[in-house]
Participant: 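The structure is given below, and queries will be raised subsequently.
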2 protein chains.
Amino acid sequence: MRDAELTRQKILEVAADEIHKQGFTATSLSCILKRTGVSKGALYHHFDNKLELGYAVFEEVYTPQFLEAWRPAVEVEDPISGLIAFFSSYCQQADLDDLMCGCPLNNLCQEMSSVDEGFRVRILSLQQQLNTLIASNLDRVSDKLRDGVDTSQAAYFMVASFHGANNLAKSSRNTELFEKVIAELCSYIKSLST
Amino acid sequence: MRDAELTRQKILEVAADEIHKQGFTATSLSCILKRTGVSKGALYHHFDNKLELGYAVFEEVYTPQFLEAWRPAVEVEDPISGLIAFFSSYCQQADLDDLMCGCPLNNLCQEMSSVDEGFRVRILSLQQQLNTLIASNLDRVSDKLRDGVDTSQAAYFMVASFHGANNLAKSSRNTELFEKVIAELCSYIKSLST
DNA sequence: TTTGCAACCGACCGGTAGGTCGGTTAGAAT
DNA sequence: ATTCTAACCGACCTACCGGTCGGTTGCAAA
């Protein structure tokens, strides 16, 4: 056959990029078709409709990307310093264009979670997976943490702050400001350990 | 004359509500016209186009609303406890519908700051005004703060975390989770004072 | 060699969006 | 009473969106 799986992957890849940059609603299928060179008929052969394409992008592109990005940060001997190193290196490598696009999860959460239930549950599931990943690794070194730290609550707080920092960077178009907020986040994380 | 200012205010009010709930792009003029009972001609008499209407809503509705909501929290003798009380009461009064809509500033920041320069500078300006408001009031009681606290950085961090908490609440549709993140934010704020 | 069907094609459809424009009306100024 | 114009009206325009559908093509199995 004319490699159907390749076609599907090509659509998924371009759609992921486009949704990341423009948002889901603002992403037009015609733009995806133009960039991929795929016809509308082919796209609708692989995906029932735009929404299903969005779900597939979320599940097959964003979710693994996201979890694999965070995993190394916490699956080290000392997740506290691992998280600090993760945020710090993110600051250094991220240029303005990256910051302007923001985090796909954060973007979709903002745009779609109050509009479409299918997106909402997928976003929530990813957020819970991430929270479990962080919290369980913090629990692993609980003897090194301050007394009375709720690790799940702290993990949610860290991710929320990180997303908030991304939003700020978006409007300020200022990497320094982003770095400052991340610096404050790191000092908070430090304060969790004894 | 047929009260032109009233017409303008009616449009502004409904548009503010609609943009808050649907987002700027998803807000249709025809919906605003239906709700206000104003004709398209009248709307275009008062505003050059949709974008200018959006700017007017931001400047004349959101900006004052926002600053007046935060001001009492920091313009008290002890801004630390003022902020904690502000966040706590926000938690209690906010129901699920409020949380689903989110904060207009946060929403627009996410949706428009990377798409339209006019929105971006207005959002940035409001963020800086808010930062100044918080930081200057923290400076006022700097003798009661921990050594080495960068008040502007801390203020940006608080607002970023608050917005992040709103996003989380949106996708989780869970006020308890929101309260948890806010609780963690309050414990961070407490840690700023000696 | 024929047949069957997954894969693909693209013209076309209905709906809605923002925006335009020639005409009407209310009411203040003269 | 007349005039002038800000305020208002709504039919209409173009552009684009997601989605449909009858037709075509390439490949593998029979």
Participant: Test of understanding: with side-chain hydrogen bond (donor to acceptor under 3.5 Å, both in side chains), list the residues that count as partners of B/Thr175, not counting sequence neighbours.
Facilitator: none

Participant: Establish, from distance only, whether the side-chain atoms of B/Glu5 and B/Gln9 form a donor-acceptor pair under 3.5 Å.
Facilitator: yes

Participant: Could you list all the ring-ring contact (aromatic ring centres under 6.0 Å, His included) pairs where at least one residue sits in residues 168-194 of chain B, not counting sequence neighbours?
Facilitator: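 Those involving residues 168-194 of chain B are B/Phe157-B/Tyr188.
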
Participant: Please give me every residue in residues 43-60 of chain A whose heavy atoms get under 4.0 Å of an atom in DNA chain D, ordered by residue number.
Facilitator: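 Correct list: A/Tyr44, A/Asn49, A/Lys50.
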
Participant: Can you list every pair that meets side-chain hydrogen bond (donor to acceptor under 3.5 Å, both in side chains) and has a residue in residues 43-56 of chain A, with sequence neighbours left out?
Facilitator: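 Sorted pair list: A/Tyr55-A/Asp116.
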
Participant: Specify the residues of residues 17-39 of chain A, ordered by number, for which at least one heavy atom lies under 4.0 angstrom from an atom of DNA chain D.
Facilitator: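 Contacts with DNA chain D under 4.0 Å: A/Thr27, A/Ser28, A/Leu29, A/Ser30.
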
Participant: Residues two or more places apart in sequence or in another chain: which of them pass side-chain hydrogen bond (donor to acceptor under 3.5 Å, both in side chains) with B/Thr151?
Facilitator: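 Per chain and number, B/Thr151 pairs via side-chain hydrogen bond (donor to acceptor under 3.5 Å, both in side chains) with B/Asp139.
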
Participant: Answer yes if the side chains of A/Gln128 and A/Thr132 hold a donor-acceptor pair under 3.5 Å, and no otherwise.
Facilitator: no

Participant: Between C/dT25 atom C1' and B/Asp3 atom CG, what is the distance in whole Å?
Facilitator: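 After rounding, the gap between these two atoms is 16 Å.
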
Participant: Please give me the minimum heavy-atom distance between B/Arg120 and A/Ser171, naming the atom from each residue.
Facilitator: NE-O, 2.9 Å

Participant: Taking the side chain of B/Lys40 as its heavy atoms from C-beta onward, which of C/dT20, C/dG10, D/dC8 lies nearest to it?
Facilitator: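 Nearest listed nucleotide: C/dT20.
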
Participant: Write down the atom of B/Met112, the atom of B/Phe24, and the distance for their closest heavy-atom approach.
Facilitator: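 Closest approach of B/Met112 to B/Phe24, heavy atoms only: CE-CD2, 3.7 Å.
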
